[in-house]
Amino acid sequence: MNQRLFKALLISLVAFSLSGCFLHSEIVEAPPNSFSSEGCGECHFNEYEEWKESGHAKAWISEAFRKETDDYQVEKCLACHRAMPIYGTDKVTLRQEHAKEGVNCVTCHLTPDGEIGGPHFVLPAHYVKMSDPYFLESKLCGTCHEAHFEQWKATEKRLEAQGKELQTCQDCHMPAAYRKLIVKGIMQYAHWRMDTKKHTFDALPQAPAGEAPWFTATHQLLPKTERGLPISLRLSHRIPHGVPAGIFGFKAVDLIVSLKSASGQVIEEQQRVFHAENKDFIKAGETYEQVFTFSRSLLGRAEFFEVRLVRRDSRVSLGQQIFLQQNRI
């Protein structure tokens with residue numbers, strides 16, 4: 001495209017945004033008249049589709065949350081799951097409108113000045129607080145995820161003392177994406193691809209490619225005793241908060257250790273459950289150690305010692321596996 005023509009088109013688009021889209025003041029209205037996430041998705045299609053499947057979108061309507069709060073009767077739990085805009089505040093309050101949207105676009109992006117904040121420089125289609133570093137800081141997430149943030153800060157201080165830099169919440173829980181922020185409507189032509197973040201808010205993110213795995217485990221066979229065969233396990237992780245994370249609500253991770261035959265059959269299995277609500281978790285920067293004693297009579301059949309960490313879906317059922325390691329005995 002001719003450079004002069006491109007500049008003319010760009011100027012026309014900016015003029016259109018300033019004279020037209022900026023008239024749609026409902027986009028940046030404060031509660032109780034704030035915009036819906038569905039409305040945001042008309043232009044920010046990718047981000048909206050990702051958010052719809054995320055834990056944030058289900059924060060209020062999930063059956064687990066409804067049951068844990070006795071059908072929304074436990075008031076101290078409600079505000080973060082349907083929060084008013086949290087930008088720059090330390091106090092989270094309950095939002096009344098768009099209740100089923102849980103933690104929605106407005107919760108994180110609407111500023112007290114009536115702008116939609118974000119970390120990027122863009123040609124705006126509405127009032128925007130651009131290039132705002134606040135959206136790249138863990139403090140934003142820590143407004144609701146207080147326990148995670150406090151543990152993260154402690155890890156940050158420890159790593160800083162070692163001359164290391166710690167990844168933020170966004171680095172791990174919002175995967176990188178190279179794309180336009182607006183992909184629908186006329187304003188898509190005034191946008192360009194850039195390094196952005198997916199709005200999936202992954203609860204169990206993968207370790208970045210090329211980096212060490214989140215978890216490491218070692219074991220040692222100890223001398224046999226009358227009780228059986230003791231095996232010492234050392235388990236650690238490099239996640240900057242406890243596992244399971246947080247201290248509010250039901251969050252649990254099962255540690256399952258097994259003796260297995262050469263064919264993979266479980267010969268004997270033992271289990272230890274970590275409950276975040278009891279402040280019982282594998283702490284960041286520390287190594288968890290435990291001796292598991294197995295039956296002596298089964299040793300001759302055992303070929304492998306297996307360690308698994310599995311996140312619980314509920315108080316009675318296991319869910320996603322987050323760590324697996326097998327070693328020969």
Side-chain angles (χ1 to χ4, degrees), residues 1-61 82-87 95 97-111 113-136 140-141 170 173-202:
M1 181 184 291
N2 180 281
Q3 188 174 9
R4 182 176 297 177
L5 181 60
F6 176 75
K7 287 182 178 179
L9 176 61
L10 205 58
I11 291 171
S12 298
L13 287 169
V14 173
F16 171 78
S17 72
L18 292 174
S19 62
C21 288
F22 273 16
L23 297 179
H24 297 294
S25 58
E26 70 274 10
I27 294 176
V28 292
E29 279 284 335
N33 302 311
S34 60
F35 213 49
S36 71
S37 291
E38 184 178 5
C40 297
E42 292 180 9
C43 290
H44 300 285
F45 177 78
N46 291 324
E47 290 77 11
Y48 173 67
E49 289 297 309
E50 291 160 357
W51 168 84
K52 271 202 313 184
E53 301 303 316
S54 75
H56 278 177
K58 299 176 176 65
W60 186 264
I61 63 175
R82 202 175 87 195
M84 291 270 278
I86 62 173
Y87 186 96
R95 189 185 72 249
E97 68 282 1
H98 309 304
K100 292 183 179 180
E101 290 187 350
V103 180
N104 65 1
C105 304
V106 162
T107 296
C108 296
H109 287 281
L110 184 63
T111 75
D113 297 323
E115 299 170 308
I116 298 296
H120 305 294
F121 175 80
V122 295
L123 291 178
H126 48 68
Y127 294 114
V128 177
K129 182 176 177 62
M130 293 188 289
S131 304
D132 188 346
Y134 183 64
F135 288 89
L136 301 175
L140 172 63
C141 307
Q170 294 89 330
H173 295 281
M174 298 180 71
Y178 185 69
R179 64 192 184 190
K180 292 182 179 182
L181 292 178
I182 293 181
V183 294
K184 287 192 171 186
I186 192 171
M187 282 303 295
Q188 68 179 297
Y189 302 108
H191 279 251
W192 51 92
R193 293 179 183 271
M194 62 179 70
D195 291 321
T196 67
K197 293 286 191 181
K198 291 185 178 182
H199 285 55
T200 50
F201 310 106
D202 298 343

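Excluded from the calculations below are hydrogen atoms, water molecules and symmetry mates; all remaining heavy atoms, backbone and side chain alike, are included. Each residue takes its place number in the sequence, starting with 1.
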Counting only N and O atoms by type, is there a donor-acceptor contact under 3.5 Å from the side chain of [X] to the main-chain atoms of [Y]?
X: His191; Y: Leu123; result: yes
X: His44; Y: Ile182; result: no
X: Gln188; Y: Gly185; result: yes
X: His98; Y: Ser34; result: yes
X: Arg95; Y: Gly102; result: yes

Item checked: Ring centroid separation Phe135 to His109 under 6.0 Å ->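 Yes, the ring of Phe135 comes within the 6.0 Å limit of the ring of His109, centre to centre.
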
Item checked: Asp113, Asp132, Thr111 screened by side chain to side chain donor-acceptor pair (under 3.5 Å) with Tyr87, the one that passes ->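 Result for side chain to side chain donor-acceptor pair (under 3.5 Å) with Tyr87: Asp132.
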
Within-4.5 Å side-chain heavy-atom neighbours: [X] and [Y]:
X: Glu53; Y: Thr200; value: no
X: Glu101; Y: Thr107; value: no
X: Lys129; Y: Ile116; value: no

So, taking the atom named [atom1] in [X] and the one named [atom2] in [Y], what distance separates them when rounded to the nearest 0.5 Å?
X: Cys43; Y: Ile186; atom1: SG; atom2: CD1; value: 11.0 Å
X: Ser36; Y: Tyr48; atom1: OG; atom2: OH; value: 7.5 Å
X: His199; Y: Trp51; atom1: NE2; atom2: CH2; value: 11.5 Å

For [X] and [Y], work out which heavy atoms get closest and say how close.
X: Val183; Y: Phe45; answer: CG2-CB, 3.7 Å
X: Ser37; Y: Cys105; answer: OG-N, 3.1 Å
X: Val128; Y: Pro124; answer: CG2-CB, 3.7 Å
X: Pro32; Y: Glu97; answer: CA-OE1, 3.5 Å
X: Ala30; Y: Leu110; answer: CA-CD2, 4.0 Å
X: Trp192; Y: Ala190; answer: CZ3-O, 3.4 Å

Next item on the list: Under the side-chain contact (heavy atoms from CB on, under 4.5 Å) rule, what do Arg179 and Glu47 come out as? Steps first, then yes or no, please.
Entry: CA-CA 11 Å; Arg179 64 192 184 190; Glu47 290 77 11; 3.5 Å; yes

Next item on the list: Give the ring-plane orientation class for His56 versus Phe201, where under 30° counts as parallel, over 60° as perpendicular and anything between as tilted.
Entry: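 Tilted: the ring planes of His56 and Phe201 meet at 30° to 60°.
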
Checklist line | Contact list for residues 184-200, test salt bridge (charged side-chain N to carboxylate O under 4.0 Å, His left out), sequence neighbours left out | finding: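 Passing the test, one end in residues 184-200: Asp171-Lys197.
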
Checklist line | Partner set under side-chain contact (heavy atoms from CB on, under 4.5 Å) for Phe35, not counting sequence neighbours | finding: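 Scan of Phe35 (side-chain contact (heavy atoms from CB on, under 4.5 Å), adjacent residues dropped) gives Glu26, Ile27, Cys40.
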
Item checked: CD/Glu49: more than 12 non-hydrogen atoms of other groups inside 6.0 Å ->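 Buried by this count: over 12 neighbours within 6.0 Å.
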
